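These notes concern the structure reproduced below.
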Amino acid sequence: MKATNKINDRFDFAVFVPAILLLIIGLVAIYSSTVNHPTASGDFKKQVVTSIIALIIFGVAYSLPNRMYKSFVIPGFIISLFFLIVVLFFGKTVYGAKSWLSIGPIGFQPSEFGKIGLIFFLSYLLTSKRRNPNNVKDFSIILAYSMLPVLLVILEPDVGTAIVYIFIITIMLFWSGIDLFFVFVAVAPIAVLFSSFFGFAAFILLMIIVVALLFYFKKNIFVNMSIIIFNMATVYLFDFGFKFLKPHQQKRIETFINPMSDPLGAGYNIIQTQVAIGSGGIWGKGFLQGNQTQLRFIPKQWTDFIYCVIGEEFGFIGSTIVIILFMILLYRLLKIASQVNDRFGSLVVLGIFAFIATHFVINIGMNLGIAPVIGIPLPFLSYGGSSLFVNMFLLGVVLNYYKNRREHV
């Protein structure tokens, strides 16, 4: 009994087990969606090999001295920026974004690994004794550093990954104890911009909420007017910048608002995923029995739309199990973030929570048709090496900090 308690004290199975179960469910769904595909039948075997390598990466991340993570923060961030710059010049264009780099036979997405650099570097900035996030000057410096990878990813252009970066930054700023007014200033333009997609009435409603919150924060009239003007200008600038987006990116935004506007084009995937999930019913059609999946109605279904495979073949029960596993995992990540005594480590774990939570919410939203299709994989389930390697590495980091949670570094 004591031995079991000792193991539990150094290894949180409530984090590891849900992740492994999600990984297994993902392999089952990948097999189902590729087994009858003429060009992707080998992807299942590739993902099995990728999963084994990812588990080794997890073991390494768990075993490293946790002090090493802090010592490699600055070099890691510089390297991640370097590859984000290199991919702009030498990257391979996939789905309209120059986001892939190839080194010999190995291809990877620098933007996926850039999330690691962002989480660690922002944790370092927010816990540095030389920076006070509640000071306007220091906050501006922290935000400027944080936005560097965001801007580089936007230049690819990969708007979906940039949105993930922004959510990670926002959630980490909030957790760090920063003045809520600064969080409000950072988040309000995004919320107002998003509301404008749904018409003038939604935009006005959000602006009323912004004004009400400004009264709550009790800032002077100059600050209030500046924020109001900036929020309104954000919508105008987006409308102006929208004209410079590539046609497929414009279509994605338009289709998010109204999928039926282009049912055979940009709206096709959204409509088909809704059909697949809805047709699964309570128990699903059964393994390898889904019409949408086996007849390949949804292109590359084993990547960003893996969830609708589960919804169609395993129904509401299977879909719910996936959501429950994610909720358990995310709850434990929050719990561990609050237990880690080291402030830097606590913020790193929180950043990992933000990373997984953002991917989870957006991807499920994409599959249900309540979020735009922006090319975000579902952690542990979607096909892809870069994503899974990052997921398992970060999971190893979390359990490393859990193991050393009583230490002050």
Side-chain angles (χ1 to χ4, degrees), residues 77 81 118-119 121-155 157 159 161-245 253 257 343-344 346-347 350-351 354 357-358 361-362 372:
F77 186 66
L81 290 179
L118 174 64
I119 290 170
F121 190 66
L122 185 53
S123 299
Y124 171 78
L125 289 176
L126 290 171
T127 56
S128 172
K129 293 179 180 178
R130 292 176 295 176
R131 303 283 179 203
N132 176 13
N134 288 316
N135 175 281
V136 174
K137 179 183 175 182
D138 286 343
F139 174 77
S140 300
I141 292 171
I142 291 170
L143 202 59
Y145 276 124
S146 303
M147 291 303 291
L148 273 175
V150 177
L151 294 174
L152 290 172
V153 170
I154 288 174
L155 289 174
V159 178
T161 300
I163 290 172
V164 173
Y165 278 42
I166 290 169
F167 272 105
I168 290 172
I169 293 167
T170 303
I171 294 171
M172 290 182 70
L173 287 175
F174 177 80
W175 184 267
S176 69
I178 200 169
D179 189 326
L180 284 178
F181 177 71
F182 287 122
V183 179
F184 164 72
V185 170
V187 172
I190 300 170
V192 170
L193 175 61
F194 190 75
S195 71
S196 68
F197 296 163
F198 299 93
F200 185 70
F203 166 71
I204 292 298
L205 176 61
L206 253 294
M207 285 305 302
I208 291 172
I209 293 173
V210 167
V211 172
L213 287 171
L214 286 173
F215 275 108
Y216 170 79
F217 286 116
K218 298 178 181 177
K219 300 296 179 180
N220 62 58
I221 186 72
F222 175 76
V223 171
N224 289 348
M225 289 306 299
S226 298
I227 291 172
I228 290 171
I229 292 170
F230 179 73
N231 277 272
M232 295 179 72
T234 300
V235 177
Y236 171 77
L237 290 172
F238 177 81
D239 187 56
F240 178 76
F242 182 82
K243 299 170 185 176
F244 294 94
L245 292 176
I253 294 172
I257 299 168
R343 284 192 67 227
F344 171 78
S346 176
L347 260 177
L350 193 279
T358 303
V361 171
I362 293 178

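Bear in mind that the values here come from a model prediction, so they are computed numbers and not experimental data.
Looking at heavy atoms from C-beta onward, Leu122 lies out of side-chain contact with Tyr145 at the 4.5 angstrom threshold. Within the 4.5 Å cutoff, the side chain of Val150 has heavy atoms near those of the Ile169 side chain. A heavy-atom distance below 4.5 Å is not found between the side chains of Phe121 and Leu81.
The two residues Asn231 and Met207 have their closest heavy-atom pair at CB-SD, 4.1 Å. When all heavy atoms of Leu118 and Pro149 are compared, the pair lying nearest together is CD1-CG, 4.1 Å. In terms of heavy atoms, Ser123 sits closest to Met172 at OG-CE, 3.1 Å.
Note that CD1 of Ile168 is 10.0 Å distant from OG1 of Thr170, once rounded to the nearest 0.5 Å. Taking CG of Leu173 as the start and CD1 of Ile142 as the end, the distance is 7.5 Å to the nearest 0.5 Å. For the atom pair CD1 of Ile166 and CD1 of Ile171, the computed distance is 12.0 Å after rounding to the nearest 0.5 Å. Atoms OH and CZ, from Tyr216 and Phe184 in turn, are 12.0 Å apart once rounded to the nearest 0.5 Å. In this structure, OH in Tyr124 is found 12.5 Å from CZ in Phe77, a value given to the nearest 0.5 Å. Here CG of Asp138 is found 10.0 Å from CG of Leu125. Values are rounded to the nearest 0.5 Å.
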Phe181/Ile227 under side chain to side chain contact (heavy atoms under 4.5 Å, CB included): CA gap, chis, key distance, verdict: CA-CA 11 Å; Phe181 177 71; Ile227 291 172; 3.4 Å; yes
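For Phe230, the CZ atom is loosely surrounded, since the number of other residues' heavy atoms within 6.0 Å does not exceed 12. Residue-environment remark: CZ (Phe344) exceeds the threshold of 12 foreign heavy atoms within 6.0 Å.
Exactly one residue among Val223, Asn224, Ile221 makes a side chain to side chain contact (heavy atoms under 4.5 Å, CB included) with Leu214. That residue is Asn224.
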